[in-house]
Novice: 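Starting off with a structure, shown below.
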Amino acid sequence: MTAFIQYTLQGLALGGFYALAALGLAVIFGVLGVVNFSHGACYMLGAVGAAVLLDATGLGFWWALPIMTIAMFLFGVLMERLLVQWLLRLDPLYNFLLTFGLTLLLVDLVKRKYGVSGLPYPLPSGLDGRIAVGSVSLSTYQVFAAVFSIVVCLAVWLVLTKTRVGMIVRASTEDAERSRALGINVSRWVTPVFGFGIALAGLAGVLRAPTGSVTADMGSFFIIILFAVVVIGGLGSILGAVVAGFLVGLVEAYGQGYAGRFSQVFIFMLMALVILVRPSGLFGREEAAS
(Lines give C-alpha, C1' and ligand atoms only; values in the text may rest on other atoms or scores of the structure.)
Protein backbone atom coordinates (compact mmCIF):
# COMPACT_ATOMS: atom_id res chain seq x y z
CA MET A 1 0.00 0.00 0.00
CA THR A 2 2.89 2.37 0.78
CA ALA A 3 4.38 1.83 -2.68
CA PHE A 4 0.98 2.29 -4.32
CA ILE A 5 0.51 5.68 -2.62
CA GLN A 6 3.98 6.80 -3.68
CA TYR A 7 3.35 5.71 -7.28
CA THR A 8 0.02 7.52 -7.24
CA LEU A 9 1.68 10.75 -6.13
CA GLN A 10 4.40 10.35 -8.74
CA GLY A 11 1.71 9.77 -11.35
CA LEU A 12 -0.21 12.89 -10.35
CA ALA A 13 2.96 14.99 -10.47
CA LEU A 14 3.92 13.53 -13.87
CA GLY A 15 0.34 13.87 -15.07
CA GLY A 16 0.39 17.53 -14.09
CA PHE A 17 3.18 18.19 -16.61
CA TYR A 18 1.21 16.36 -19.29
CA ALA A 19 -2.10 18.04 -18.38
CA LEU A 20 -0.70 21.58 -18.49
CA ALA A 21 1.04 21.09 -21.83
CA ALA A 22 -1.82 19.09 -23.35
CA LEU A 23 -4.30 21.77 -22.31
CA GLY A 24 -2.36 24.32 -24.35
CA LEU A 25 -2.06 21.92 -27.28
CA ALA A 26 -5.80 21.22 -27.24
CA VAL A 27 -6.72 24.91 -27.20
CA ILE A 28 -4.35 25.67 -30.10
CA PHE A 29 -5.72 22.78 -32.15
CA GLY A 30 -9.32 23.69 -31.39
CA VAL A 31 -9.10 27.35 -32.36
CA LEU A 32 -6.49 27.24 -35.14
CA GLY A 33 -6.70 23.65 -36.34
CA VAL A 34 -2.91 23.54 -36.00
CA VAL A 35 -1.17 20.39 -34.82
CA ASN A 36 1.70 22.17 -33.06
CA PHE A 37 4.62 19.76 -33.17
CA SER A 38 6.86 22.41 -31.58
CA HIS A 39 4.95 22.12 -28.28
CA GLY A 40 7.60 19.77 -26.92
CA ALA A 41 10.35 22.22 -27.88
CA CYS A 42 8.45 25.04 -26.12
CA TYR A 43 8.22 22.81 -23.04
CA MET A 44 12.00 22.37 -23.28
CA LEU A 45 12.54 26.12 -23.68
CA GLY A 46 10.60 26.74 -20.47
CA ALA A 47 12.94 24.44 -18.55
CA VAL A 48 16.11 25.73 -20.25
CA GLY A 49 15.00 29.33 -19.71
CA ALA A 50 14.54 28.66 -15.99
CA ALA A 51 18.04 27.14 -15.77
CA VAL A 52 19.62 30.04 -17.69
CA LEU A 53 17.73 32.56 -15.56
CA LEU A 54 19.11 30.97 -12.42
CA ASP A 55 22.67 30.82 -13.73
CA ALA A 56 22.75 34.33 -15.25
CA THR A 57 20.77 36.36 -12.71
CA GLY A 58 20.40 34.16 -9.65
CA LEU A 59 16.60 34.24 -9.95
CA GLY A 60 15.35 30.86 -8.81
CA PHE A 61 12.30 28.70 -9.29
CA TRP A 62 9.71 31.05 -7.77
CA TRP A 63 10.77 33.84 -10.11
CA ALA A 64 11.08 31.52 -13.10
CA LEU A 65 7.44 30.41 -12.87
CA PRO A 66 5.92 33.81 -13.78
CA ILE A 67 8.86 35.14 -15.84
CA MET A 68 9.14 32.13 -18.16
CA THR A 69 5.36 31.80 -18.48
CA ILE A 70 5.15 35.42 -19.70
CA ALA A 71 8.24 35.00 -21.89
CA MET A 72 6.81 31.89 -23.54
CA PHE A 73 3.48 33.66 -24.08
CA LEU A 74 5.31 36.41 -25.96
CA PHE A 75 7.30 33.79 -27.88
CA GLY A 76 4.03 32.12 -28.88
CA VAL A 77 2.57 35.46 -30.03
CA LEU A 78 5.64 36.09 -32.18
CA MET A 79 5.54 32.56 -33.57
CA GLU A 80 1.90 32.93 -34.61
CA ARG A 81 2.33 36.43 -36.07
CA LEU A 82 5.58 35.75 -37.95
CA LEU A 83 5.08 32.14 -39.06
CA VAL A 84 1.87 30.27 -38.32
CA GLN A 85 -0.70 32.81 -39.53
CA TRP A 86 0.57 32.70 -43.14
CA LEU A 87 -0.25 29.01 -43.46
CA LEU A 88 -3.61 28.86 -41.65
CA ARG A 89 -5.62 28.86 -44.88
CA LEU A 90 -3.60 26.05 -46.38
CA ASP A 91 -3.68 22.34 -45.65
CA PRO A 92 -2.93 21.71 -41.92
CA LEU A 93 0.00 19.57 -43.02
CA TYR A 94 1.94 22.74 -43.88
CA ASN A 95 1.79 24.08 -40.32
CA PHE A 96 2.65 20.65 -38.99
CA LEU A 97 5.79 20.64 -41.16
CA LEU A 98 6.53 24.25 -40.15
CA THR A 99 6.36 23.47 -36.43
CA PHE A 100 8.34 20.26 -36.95
CA GLY A 101 11.10 22.26 -38.65
CA LEU A 102 10.95 24.87 -35.89
CA THR A 103 11.44 22.08 -33.36
CA LEU A 104 14.60 20.90 -35.08
CA LEU A 105 15.89 24.47 -35.22
CA LEU A 106 15.21 25.23 -31.54
CA VAL A 107 16.70 21.95 -30.32
CA ASP A 108 19.84 22.46 -32.43
CA LEU A 109 20.27 26.05 -31.23
CA VAL A 110 20.04 24.97 -27.58
CA LYS A 111 22.51 22.15 -28.17
CA ARG A 112 24.98 24.50 -29.82
CA LYS A 113 24.70 27.03 -26.98
CA TYR A 114 24.53 24.76 -23.92
CA GLY A 115 25.69 21.36 -25.16
CA VAL A 116 24.02 17.98 -24.85
CA SER A 117 25.00 17.03 -21.30
CA GLY A 118 22.25 19.04 -19.67
CA LEU A 119 21.92 21.98 -17.32
CA PRO A 120 21.60 21.37 -13.56
CA TYR A 121 18.57 22.77 -11.77
CA PRO A 122 18.23 22.30 -8.00
CA LEU A 123 15.03 21.68 -6.12
CA PRO A 124 13.60 25.00 -4.91
CA SER A 125 14.31 25.98 -1.34
CA GLY A 126 11.62 24.73 0.99
CA LEU A 127 10.54 21.95 -1.37
CA ASP A 128 13.69 19.82 -1.21
CA GLY A 129 12.66 17.64 1.70
CA ARG A 130 10.20 14.84 2.28
CA ILE A 131 6.82 14.60 3.98
CA ALA A 132 6.16 11.61 6.23
CA VAL A 133 2.55 10.47 6.49
CA GLY A 134 2.52 7.37 8.66
CA SER A 135 4.74 4.82 6.95
CA VAL A 136 4.64 6.70 3.66
CA SER A 137 7.48 9.09 2.79
CA LEU A 138 6.57 11.54 0.04
CA SER A 139 8.73 13.99 -1.91
CA THR A 140 7.75 17.54 -0.95
CA TYR A 141 8.32 18.75 -4.49
CA GLN A 142 6.19 15.99 -6.01
CA VAL A 143 3.36 16.94 -3.67
CA PHE A 144 3.77 20.58 -4.68
CA ALA A 145 3.95 19.76 -8.42
CA ALA A 146 0.78 17.66 -8.25
CA VAL A 147 -1.18 20.26 -6.27
CA PHE A 148 0.13 23.18 -8.33
CA SER A 149 -0.81 21.50 -11.61
CA ILE A 150 -4.30 20.70 -10.39
CA VAL A 151 -4.80 24.27 -9.15
CA VAL A 152 -3.61 25.76 -12.47
CA CYS A 153 -5.83 23.42 -14.50
CA LEU A 154 -8.77 24.26 -12.23
CA ALA A 155 -8.07 28.00 -12.57
CA VAL A 156 -7.92 27.70 -16.37
CA TRP A 157 -11.17 25.70 -16.35
CA LEU A 158 -12.89 28.36 -14.22
CA VAL A 159 -11.73 31.12 -16.58
CA LEU A 160 -12.88 29.17 -19.61
CA THR A 161 -16.29 28.28 -18.15
CA LYS A 162 -17.21 31.20 -15.90
CA THR A 163 -16.07 34.27 -17.85
CA ARG A 164 -17.36 35.73 -21.11
CA VAL A 165 -13.90 35.68 -22.70
CA GLY A 166 -13.44 32.09 -21.60
CA MET A 167 -16.77 31.04 -23.04
CA ILE A 168 -15.89 32.64 -26.38
CA VAL A 169 -12.53 30.85 -26.44
CA ARG A 170 -14.15 27.56 -25.41
CA ALA A 171 -16.83 27.89 -28.08
CA SER A 172 -14.17 28.65 -30.67
CA THR A 173 -12.17 25.67 -29.48
CA GLU A 174 -15.05 23.21 -29.62
CA ASP A 175 -16.56 24.43 -32.91
CA ALA A 176 -14.83 27.33 -34.65
CA GLU A 177 -17.08 27.28 -37.74
CA ARG A 178 -20.32 27.40 -35.75
CA SER A 179 -18.86 30.16 -33.57
CA ARG A 180 -18.18 32.24 -36.68
CA ALA A 181 -21.74 31.61 -37.86
CA LEU A 182 -23.03 33.02 -34.55
CA GLY A 183 -21.09 36.23 -35.07
CA ILE A 184 -18.01 35.53 -32.94
CA ASN A 185 -14.82 36.95 -34.41
CA VAL A 186 -12.69 33.84 -33.96
CA SER A 187 -9.73 35.46 -35.77
CA ARG A 188 -9.49 38.05 -32.99
CA TRP A 189 -8.63 35.34 -30.48
CA VAL A 190 -6.17 33.38 -32.61
CA THR A 191 -2.97 35.17 -31.53
CA PRO A 192 -3.62 35.35 -27.74
CA VAL A 193 -4.90 31.77 -27.71
CA PHE A 194 -1.78 30.51 -29.47
CA GLY A 195 0.38 32.47 -27.02
CA PHE A 196 -1.63 31.08 -24.11
CA GLY A 197 -1.11 27.52 -25.32
CA ILE A 198 2.65 28.03 -25.66
CA ALA A 199 2.76 29.67 -22.21
CA LEU A 200 1.23 26.53 -20.64
CA ALA A 201 3.88 24.38 -22.33
CA GLY A 202 6.60 26.67 -20.96
CA LEU A 203 5.05 26.58 -17.49
CA ALA A 204 5.05 22.78 -17.58
CA GLY A 205 8.74 22.89 -18.54
CA VAL A 206 9.64 25.13 -15.60
CA LEU A 207 7.71 22.84 -13.28
CA ARG A 208 9.58 19.82 -14.64
CA ALA A 209 13.06 21.39 -14.48
CA PRO A 210 13.86 20.52 -10.81
CA THR A 211 13.01 16.84 -11.29
CA GLY A 212 16.01 16.01 -13.48
CA SER A 213 18.64 17.26 -15.87
CA VAL A 214 17.49 19.98 -18.26
CA THR A 215 18.51 18.98 -21.80
CA ALA A 216 17.75 20.10 -25.34
CA ASP A 217 16.18 16.72 -26.10
CA MET A 218 13.84 16.62 -23.10
CA GLY A 219 10.88 17.66 -25.26
CA SER A 220 11.50 15.11 -28.03
CA PHE A 221 9.82 12.12 -26.41
CA PHE A 222 7.55 14.37 -24.37
CA ILE A 223 5.72 15.52 -27.52
CA ILE A 224 5.02 11.90 -28.49
CA ILE A 225 3.44 11.22 -25.11
CA LEU A 226 1.60 14.54 -25.42
CA PHE A 227 0.00 13.51 -28.70
CA ALA A 228 -1.09 10.27 -27.04
CA VAL A 229 -2.67 12.37 -24.28
CA VAL A 230 -4.69 14.55 -26.66
CA VAL A 231 -5.80 11.52 -28.69
CA ILE A 232 -6.97 9.77 -25.53
CA GLY A 233 -8.76 12.87 -24.26
CA GLY A 234 -10.16 13.86 -27.64
CA LEU A 235 -8.62 16.28 -30.14
CA GLY A 236 -9.55 19.84 -29.22
CA SER A 237 -11.25 18.83 -25.95
CA ILE A 238 -10.15 20.98 -23.03
CA LEU A 239 -11.57 18.69 -20.36
CA GLY A 240 -10.23 15.65 -22.18
CA ALA A 241 -6.69 17.07 -22.27
CA VAL A 242 -6.64 17.58 -18.50
CA VAL A 243 -8.26 14.27 -17.56
CA ALA A 244 -6.14 12.28 -20.02
CA GLY A 245 -2.99 14.07 -18.87
CA PHE A 246 -3.40 12.92 -15.29
CA LEU A 247 -4.59 9.49 -16.43
CA VAL A 248 -1.49 8.96 -18.58
CA GLY A 249 0.72 10.17 -15.73
CA LEU A 250 -0.80 7.58 -13.41
CA VAL A 251 -0.48 4.81 -16.02
CA GLU A 252 3.20 5.66 -16.57
CA ALA A 253 3.96 5.83 -12.84
CA TYR A 254 2.25 2.52 -12.08
CA GLY A 255 4.03 0.99 -15.06
CA GLN A 256 7.40 2.23 -13.82
CA GLY A 257 6.65 0.87 -10.36
CA TYR A 258 5.29 -2.53 -11.31
CA ALA A 259 6.53 -3.25 -14.85
CA GLY A 260 9.80 -1.36 -15.16
CA ARG A 261 10.88 -0.72 -18.74
CA PHE A 262 7.43 -1.51 -20.15
CA SER A 263 5.85 1.51 -18.45
CA GLN A 264 5.45 3.64 -21.55
CA VAL A 265 4.13 0.71 -23.57
CA PHE A 266 1.01 0.83 -21.40
CA ILE A 267 0.38 4.43 -22.47
CA PHE A 268 0.12 3.44 -26.13
CA MET A 269 -1.88 0.34 -25.24
CA LEU A 270 -4.33 2.67 -23.47
CA MET A 271 -4.39 4.95 -26.51
CA ALA A 272 -5.09 2.01 -28.84
CA LEU A 273 -7.88 0.77 -26.55
CA VAL A 274 -9.53 4.21 -26.43
CA ILE A 275 -9.32 4.55 -30.23
CA LEU A 276 -10.93 1.13 -30.69
CA VAL A 277 -13.77 1.81 -28.24
CA ARG A 278 -14.25 5.54 -28.86
CA PRO A 279 -12.34 6.86 -31.90
CA SER A 280 -13.11 10.51 -31.03
CA GLY A 281 -11.42 10.15 -27.62
CA LEU A 282 -12.88 10.13 -24.12
CA PHE A 283 -14.34 13.64 -24.36
CA GLY A 284 -14.06 14.39 -28.07
CA ARG A 285 -17.02 15.01 -30.36
CA GLU A 286 -18.10 12.05 -32.48
CA GLU A 287 -17.83 14.04 -35.71
CA ALA A 288 -14.15 14.66 -34.92
CA ALA A 289 -13.49 11.02 -35.68
CA SER A 290 -15.26 11.05 -39.04
Side-chain angles (χ1 to χ4, degrees), residues 12-25 38-82 102-103 105-131 138-156 159 191-192 194-220 222-223 226:
L12 290 175
L14 186 59
F17 309 138
Y18 293 144
L20 286 176
L23 180 57
L25 190 61
S38 67
H39 220 66
C42 294
Y43 161 84
M44 176 270 294
L45 286 180
V48 170
V52 172
L53 195 65
L54 177 63
D55 181 63
T57 67
L59 295 177
F61 177 79
W62 301 111
W63 283 100
L65 282 176
I67 290 174
M68 289 310 304
T69 300
I70 295 171
M72 293 307 298
F73 172 81
L74 296 176
F75 178 75
V77 168
L78 286 175
M79 190 195 311
E80 194 280 331
R81 288 286 86 192
L82 297 178
L102 185 60
T103 295
L105 175 63
L106 293 173
V107 170
D108 188 62
L109 288 175
V110 172
K111 284 183 177 179
R112 287 177 179 272
K113 179 66 176 178
Y114 302 107
V116 297
S117 59
L119 302 170
Y121 198 83
L123 287 168
S125 177
L127 298 177
D128 51 355
R130 300 190 69 82
I131 300 174
L138 307 174
S139 166
T140 305
Y141 186 77
Q142 285 183 340
V143 173
F144 165 79
V147 173
F148 181 84
S149 300
I150 293 172
V151 169
V152 171
C153 289
L154 181 60
V156 172
V159 170
T191 301
F194 193 90
F196 174 72
I198 298 300
L200 287 177
L203 177 61
V206 176
L207 199 63
R208 187 64 184 270
T211 64
S213 181
V214 177
T215 68
D217 290 320
M218 65 184 292
S220 300
F222 181 82
I223 187 62
L226 209 57

Novice: Considering residues at least two apart in sequence or located in another chain, which fulfil the salt bridge (charged side-chain N to carboxylate O under 4.0 Å, His left out) criterion with D128?
Specialist: none
Novice: In sequence, state the C-alpha distance, the side-chain angles, and the governing distance for I131 and V143, and then conclude on side chain to side chain contact (heavy atoms under 4.5 Å, CB included).
Specialist: CA-CA 9 Å; I131 300 174; V143 173; 4.3 Å; yes
Novice: Indicate the atoms forming the closest heavy-atom contact of A64 with L53, along with that distance.
Specialist: CA-CD2, 4.0 Å
Novice: Please step through side chain to side chain contact (heavy atoms under 4.5 Å, CB included) for the pair L226 and Y43, ending with a clear verdict.
Specialist: CA-CA 11 Å; L226 209 57; Y43 161 84; over 6 Å; no
Novice: Take Y114 and V48, measure what side chain to side chain contact (heavy atoms under 4.5 Å, CB included) needs, and give me the verdict at the end.
Specialist: CA-CA 9 Å; Y114 302 107; V48 170; 4.2 Å; yes
Novice: Looking at every heavy atom in both W62 and P124, which two are closest together, and how far apart are they?
Specialist: NE1-CB, 4.2 Å
Novice: Working to the nearest 0.5 Å, report the span between CD1 of I150 and CG of L12.
Specialist: 5.5 Å
Novice: Backbone N or O of A146 within a donor-acceptor pair of the S149 side chain at under 3.5 Å?
Specialist: no
Novice: Check whether any side-chain N or O of H39 sits under 3.5 Å from a backbone N or O of A21 as a donor-acceptor pair, and report yes or no.
Specialist: yes
Novice: For the residue pair F222 and F17, is the inter-centroid distance of their aromatic rings smaller than 6.0 Å?
Specialist: no
Novice: Does F148 form a side chain to side chain contact (heavy atoms under 4.5 Å, CB included) with L65? I'd like the steps, not just the answer.
Specialist: CA-CA 11 Å; F148 181 84; L65 282 176; 4.3 Å; yes
Novice: Distance only, no hydrogens: is a donor on one side chain within 3.5 Å (strictly under) of an acceptor on the other, for R81 and T191?
Specialist: yes
Novice: Should the pair F61 and F144 be assigned to parallel (<30°), tilted (30 to 60°) or perpendicular (>60°) ring geometry?
Specialist: perpendicular
Novice: Would you say the side-chain atoms of T215 pair up with the backbone N or O of M218, donor to acceptor, closer than 3.5 Å?
Specialist: yes
